[in-house]
**Student:** 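There's a structure below that I have some questions on.
Quick caveat: nothing in here was measured; it's all calculated off a predicted structure. Proteins come first, then strands; the chains are lettered A, B, ... in the order of their sequence lines, and each starts at number 1.
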2 protein chains.
Amino acid sequence: MLSKKTKYGLQALLILAREYGQGPLLIADLAERERIPRKFLEFILLQLKNAGVLQSRKGKGGGYSLAKPPTEISVGRIVRTLDGPLAPVPCVSVMAYEKCQECRDEKTCAIRLVMKDVRDAIADILDHTSLQDMLNRSADELKKLDGIVDFQI
Amino acid sequence: MLSKKTKYGLQALLILAREYGQGPLLIADLAERERIPRKFLEFILLQLKNAGVLQSRKGKGGGYSLAKPPTEISVGRIVRTLDGPLAPVPCVSVMAYEKCQECRDEKTCAIRLVMKDVRDAIADILDHTSLQDMLNRSADELKKLDGIVDFQI
DNA sequence: TATAAATCTATTTAGTTGATAGACTAAAAG
DNA sequence: CTTTTAGTCTATCAACTAAATAGATTTATA
């Protein structure tokens, strides 16, 4: 389940992606535009900065902006930063492997084998979708809907 | 993230699947064999019974057994019963759709579009994997490993 | 040097997960 | 028909995590 934290983070990043190259945005503005509790968003953006996704400038004229172009920031990176590993069980995590406490034989564990497939499927999608991809898809959907409306008029 | 509850449930079901057709097994035995807290397992098996996955008999000679052959019980069903919807966000859930509180335009929501793909990928795997499939894959892996050992000797 | 804005530290609240205890009910055996 | 076995129900608890809040601090710019 995607946490609110990650949802908020993605919302803010999508705005920053849409306005990429136009200077930094204020936490307060992002919070208001997306109706996110301001202090909570501060915390989220800070984590994203520490992960190298965002950069910030303090003082007057400061704010947050993407550290890289929207094509180079994957959703996988964002979700991992805010929600932790993508894997449903730690023993199939690639980025944060951990042994299961009670699993007797990890190599033949039936649960592990299915969950490995699930992890790979999730990672495949999220690591190959960038912020820009998200914006594009959203725009595509909008076009489709407009098309339908035009047709109906 | 897969909860301990679901892991425990799957462990118990895999044993019941392996010994399918040989009469019911006791909660206490399953708990001991898999090192699961007994009372917790009672609760888990009861939920699975109410979901139609297990059947039980009380009294002497009683216990739990699968309500259907292991080929007809999917992991998806089990995970949904014990952990709830597969979807990472409720607005893309097929079995338990719920509107997001704050999403302005669901149809073009960029987050929703990616998460829909993720949900479909997860469901595709879990709904097409049965308990029997799990046992088979585990056995296959064991064979592979044995093969390697034989080769090395 | 005043001010704007991010950053840090701490704390709170609420909900979920995992686990436990004990009384109750149904079925089978003798 | 009574005893034993084994699942079922109700209640509760402790630990952990998610979500949110408050206030003090630091840094950079005008």
Side-chain angles (χ1 to χ4, degrees), chain A residues 1-12 16 23-67 79 81-85 88-90 100-102, chain B residues 1-12 16 23-67 79 81-85 88-90 100-102:
Chain A
M1 185 61 134
L2 209 67
S3 69
K4 277 198 179 184
K5 192 163 87 169
T6 301
K7 262 195 231 175
Y8 288 159
L10 281 169
Q11 288 177 256
L16 287 163
L25 294 179
L26 302 184
I27 296 180
D29 285 356
L30 289 168
E32 198 186 1
R33 281 169 69 173
E34 293 297 310
R35 300 197 196 98
I36 301 170
R38 194 216 145 114
K39 280 287 180 181
F40 196 26
L41 185 58
E42 282 184 14
F43 176 58
I44 294 167
L45 297 186
L46 195 56
Q47 275 191 268
L48 290 169
K49 184 197 164 185
N50 293 334
V53 171
L54 289 177
Q55 60 189 9
S56 66
R57 267 175 57 198
K58 290 183 174 182
K60 212 167 196 171
Y64 272 101
S65 50
L66 298 188
V79 173
T81 300
L82 298 175
D83 256 358
V89 281
C100 284
Q101 311 97 309
E102 317 201 325
Chain B
M1 186 62 135
L2 209 67
S3 68
K4 276 199 179 184
K5 192 163 89 170
T6 301
K7 262 195 230 173
Y8 288 159
L10 281 169
Q11 288 178 256
L16 287 162
L25 294 180
L26 301 184
I27 296 179
D29 285 355
L30 289 167
E32 199 185 359
R33 282 168 69 172
E34 294 296 311
R35 300 197 197 98
I36 302 170
R38 193 217 147 116
K39 279 288 180 181
F40 196 28
L41 185 59
E42 284 184 12
F43 176 59
I44 294 167
L45 297 185
L46 195 56
Q47 274 191 270
L48 289 169
K49 184 195 163 185
N50 293 334
V53 171
L54 290 177
Q55 61 189 10
S56 66
R57 266 175 57 198
K58 289 184 175 181
K60 211 165 197 170
Y64 273 99
S65 49
L66 297 187
V79 174
T81 299
L82 297 175
D83 256 358
V89 280
C100 284
Q101 311 96 308
E102 316 202 325

**Student:** dA19(C) phosphate, OP1 or OP2: any side-chain N/O from Tyr8(B) under 4.0 angstrom?
**Tutor:**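 Result: yes.
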**Student:** Among dT5(D), dG7(D), dC8(C), which nucleotide sits nearest the side chain of Ser56(B)?
**Tutor:**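 The listed nucleotide nearest to Ser56(B)'s side chain is dG7(D).
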**Student:** At less than 4.0 Å, is any side-chain N or O atom of Arg57(B) found next to OP1 or OP2 of dG7(D)? Yes or no.
**Tutor:**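 So the side-chain polar atoms of Arg57(B) never come under 4.0 Å of the phosphate oxygens OP1 or OP2 of dG7(D).
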**Student:** Hey, is the side chain of Ser3(B) poking within less than 4.0 Å of OP1 or OP2 on dT16(C), counting only N and O atoms?
**Tutor:**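 For Ser3(B), the contact criterion (side-chain N or O under 4.0 Å from OP1 or OP2 of dT16(C)) is not met.
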**Student:** Where the side chain of Pro37(B) is concerned, which of dA6(C), dT20(C), dG18(C) is the nearest nucleotide?
**Tutor:**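 Nearest listed nucleotide: dT20(C).
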**Student:** Of the nucleotides dA6(C), dC9(D), dG18(C), which one has an atom closest to the side chain of Arg38(A)?
**Tutor:**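 Shortest atom-to-atom distance from the side chain points to dA6(C).
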**Student:** Roughly how far, to the nearest 0.5 Å, is CG of Leu26(A) from CD of Glu32(A)?
**Tutor:**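 Taking CD in Glu32(A) and CG in Leu26(A), the distance rounds to 11.0 Å.
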**Student:** If you only use heavy atoms from C-beta on, which nucleotide in dA29(C), dC8(C), dG18(C) is closest to the side chain of Phe40(B)?
**Tutor:**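 Of the candidates, dG18(C) comes closest.
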**Student:** When the distance from NZ of Lys4(A) to P of dT21(D) is rounded to whole Å, what number comes out?
**Tutor:**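 So the NZ-P distance, Lys4(A) to dT21(D), works out to 10 Å.
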**Student:** If you check the Lys58(A) side chain, which of dT26(D), dG18(C), dT8(D) turns out closest?
**Tutor:**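 Shortest atom-to-atom distance from the side chain points to dT26(D).
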**Student:** Taking only the side-chain nitrogens and oxygens of Lys39(B), find out if one of them lies under 4.0 Å from OP1 or OP2 of dG22(C).
**Tutor:**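 No, no such contact exists.
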**Student:** In whole angstrom, what separates Leu45(B)'s CG from dG7(D)'s C1'?
**Tutor:**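 It works out to 10 Å between those atoms.
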